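Notes follow once the structure below has been shown.
A note on names: the letters A, B, ... follow the listed sequences, proteins ahead of strands, and every chain is numbered from 1. All of these numbers come straight from a predicted model, not from anything done at the bench.
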There are 2 protein chains.
Amino acid sequence: MTACGPARRSTGDDRPVAPGHAPGAATLATVRPGSRRVRPSRPPPTEPSPRRWAMPGEPVVGRTRQIIFDEATRLFGAQGYAGTTMRDIATAVGLLPGSLYTHIQGKENLLLEIVESGIDRFLAIADGVARSGAGPDQKLRALIKDHVGVVAQNPERTLVVFHQWRYLTGEARERVVEKRSRYEDAFRKIMNQGRRSGVFAPGLDLKVSVLAVLGALNWTAEWYRPDGPDTVAEIGERLADTLMSGLLTRAS
Amino acid sequence: MTACGPARRSTGDDRPVAPGHAPGAATLATVRPGSRRVRPSRPPPTEPSPRRWAMPGEPVVGRTRQIIFDEATRLFGAQGYAGTTMRDIATAVGLLPGSLYTHIQGKENLLLEIVESGIDRFLAIADGVARSGAGPDQKLRALIKDHVGVVAQNPERTLVVFHQWRYLTGEARERVVEKRSRYEDAFRKIMNQGRRSGVFAPGLDLKVSVLAVLGALNWTAEWYRPDGPDTVAEIGERLADTLMSGLLTRAS
DNA sequence: CCTACCGATCGGTAGG
DNA sequence: CCTACCGATCGGTAGG
């Protein structure tokens, strides 16, 4: 249960890390109350662009926008959505608060994009597994392993996906809730298939079993450490062993 | 994954529910942004007390204090600590914001008392199970069932215990982290015992198995519904079955 | 991307 | 437990 050490961790996920933001800025241990940050050190001016700043409304899809998303993901994961201010994000990126709005529409929209793109990755692996011709037990094992793989790619994003979606409102929230339940259904279908085909225990309570597996999987985002001794594949394999074979010896 | 319906739910836990606060006030569906609440309807004056208000510094341990804790627990669970304002709590209780401070010391202290008293309940059942003379498998089953029982007593409090503790700072945080890891140890000890005595699979990865069980248990606070069709004992039993015997048929 | 700033809201207090 | 209020901070915008 050391889910929130102050160690700065890359957001992983095949993207460059934000340049020139203060290391260790706004980690959980130092946040709130009263630990107000100082003025962000301006990042070194990058190569001059034809126009020094985008016009309002112009679609901005550049490097900076990606950095903002990465830092917001990290901060929302560590401090929660409501516990993260736009000033926290600006400081982490190396901008002044108002400058964020050239790149993004607002705080809630930032959350929505993080949550939705995150959950889409989980839906993608569920789709892949469903399309494979494997049997239910192999499907479940594959889905567990793939899930751990997505968590390991970016644990903070996973925390945001599974906890911070509550701060969304209106139809954004509805869309996310729908996608979450679609992911849950993927597990339900596989386990129902396996129960009917006899590879899973016939007395198995579908509802409780699905939620037990999902609970174990969601929790991985809280304890997974990229610098741990075990590979992602090993962790997934062992998690699948525990959930599928159980703790008791087969004899008992 | 319907963990956040707008339905108002009693805080359970053998205490009277707050009188005279607006039903449905500040539920998740209506929170933020821009949904600012109106002035709280004053609760009907209770029987006159000898003194109409306590002096500052005087220890207040009365009814109102308990209602404040119950409402804060509910709100912290539903909206998160950072997403809940003292004004939210005051409105739910039926006071004006400043009046809360006759009963409590401050927001963070309120969180600490909720988290610590909550985690103490989990430690108490772990102690009880450890002292029982049962074998490791029976101990684990009992602990799983007791855990579900504590969750069912007050799901919101459990959500606060397992997620909102991150907002604590300083030694309060350290104390809570220590208690959390003590609870984790209780599971580790039982499962280690069971593995050595041969009742649990010898190839079992202790770390992953402990975290899988804890994950499944922590998740119950997100989906448990007091008005569901299954009794708490049944849910605990089925969760223990799933985790201990696994999903596969014993034959396979 | 910065300067400069807005109105709203925050946790909390003085004083009765 | 209320009235009245504080200084700090919030998300966000105008204009260049």
Side-chain angles (χ1 to χ4, degrees), chain A residues 20 26 31-37 39-58 60 62-65 67-68 72 79 81-91 93-111 167 169, chain B residues 20 26 31-37 39-58 60 62-65 67-68 72 79 81-91 93-111 167 169:
Chain A
V31 82
R32 221 152 298 271
S35 76
R36 284 303 146 207
R37 336 152 238 299
R39 193 106 186 306
S41 60
R42 219 72 66 71
T46 51
E47 57 275 28
S49 47
R51 192 173 50 251
R52 288 195 73 73
W53 21 267
M55 299 307 285
E58 179 181 0
V60 179
R63 230 169 43 268
T64 303
R65 183 180 158 89
I67 296 169
I68 291 172
Q79 310 175 2
Y81 174 77
T84 301
T85 69
M86 298 308 281
R87 283 160 176 82
D88 289 337
I89 297 168
T91 302
V93 175
L95 298 178
L96 291 183
S99 304
L100 293 171
Y101 292 87
T102 313
H103 303 277
I104 62 166
Q105 297 182 42
K107 193 185 182 188
E108 184 172 344
N109 186 267
L110 189 54
L111 176 64
Y167 292 101
T169 60
Chain B
V31 83
R32 219 151 300 268
S35 76
R36 285 302 146 208
R37 350 167 216 292
R39 193 104 187 306
S41 60
R42 220 71 67 72
T46 50
E47 58 276 28
S49 45
R51 192 173 51 251
R52 289 195 72 74
W53 21 267
M55 299 307 285
E58 178 182 1
V60 179
R63 228 167 47 268
T64 304
R65 182 180 160 89
I67 295 169
I68 291 171
Q79 310 175 2
Y81 175 76
T84 302
T85 69
M86 298 307 282
R87 284 161 176 82
D88 288 337
I89 297 169
T91 302
V93 175
L95 297 179
L96 292 182
S99 304
L100 292 171
Y101 292 87
T102 313
H103 302 278
I104 62 165
Q105 297 182 43
K107 193 185 181 188
E108 185 171 344
N109 187 267
L110 189 54
L111 176 63
Y167 292 100
T169 60

remark   = Tightest non-hydrogen contact, residues B/His103 and B/Arg65, listed as O-NH1, 2.8 Å
inquiry  = Taking only side-chain N and O atoms of B/Thr85, does any of them lie within less than 4.0 angstrom of OP1 or OP2 on C/dT9?
reply    = no
message = Nearest 0.5 angstrom please: A/Ile104 CD1 to A/Asn109 CG, how far?
response = 7.5 Å
request  = Treating a pair as Watson-Crick (purine N1 to pyrimidine N3 plus N6-O4 or O6-N4) or G-U wobble (N1-O2 and O6-N3) with both distances under 3.5 Å, list the stems of 3 or more consecutive pairs that involve DNA chain C.
outcome  = C:1-16 with D:1-16
key: Distance (rounded to the nearest 0.5 Å) between A/Glu108 CD and A/Tyr81 OH   = 5.0 Å
Provide a list of protein-nucleic acid N or O atom pairs under 3.5 angstrom, restricted to nucleotides 12-14 of chain D.
{"from": "D/dG12", "atom 1": "OP2", "to": "A/Tyr101", "atom 2": "OH", "distance (Å)": "2.8"}
{"from": "D/dG12", "atom 1": "OP2", "to": "A/Lys107", "atom 2": "N", "distance (Å)": "2.9"}
{"from": "D/dG12", "atom 1": "O5'", "to": "A/Tyr101", "atom 2": "OH", "distance (Å)": "3.4"}

request  = Provide, to the nearest angstrom, the distance between the CG atom belonging to A/Leu111 and the C1' atom belonging to D/dG11.
outcome  = 15 Å
note = Residues B/Pro97 and B/Arg87: closest non-hydrogen pair is CG-CG, 3.4 Å
task = Let me know the distance between CG of A/Leu95 and C1' of C/dT3, rounded to the nearest Å.
result = 14 Å
message = Tell me the interatomic distance from A/His103, atom NE2, to C/dC2, atom P, rounded to whole angstroms.
response = 9 Å
Spacing of B/Tyr101 atom OH and B/Leu95 atom CG [to the nearest 0.5 Å] = 12.0 Å
task = Over all heavy atoms of both residues, which pair between A/Gln79 and A/Asp88 is shortest? Give the atoms and the distance, please.
result = OE1-OD2, 3.4 Å
note = Rounded to the nearest 0.5 angstrom, the CG-CG distance for B/Leu100 and B/Leu110 is 8.5 Å
remark   = Minimal heavy-atom distance between A/Ala82 and A/Tyr167, with the atoms involved, is CB-CE2, 3.9 Å
Proximity to the side chain of A/Leu96 - top-ranked nucleotide from D/dC10, D/dC1, C/dC2 = C/dC2
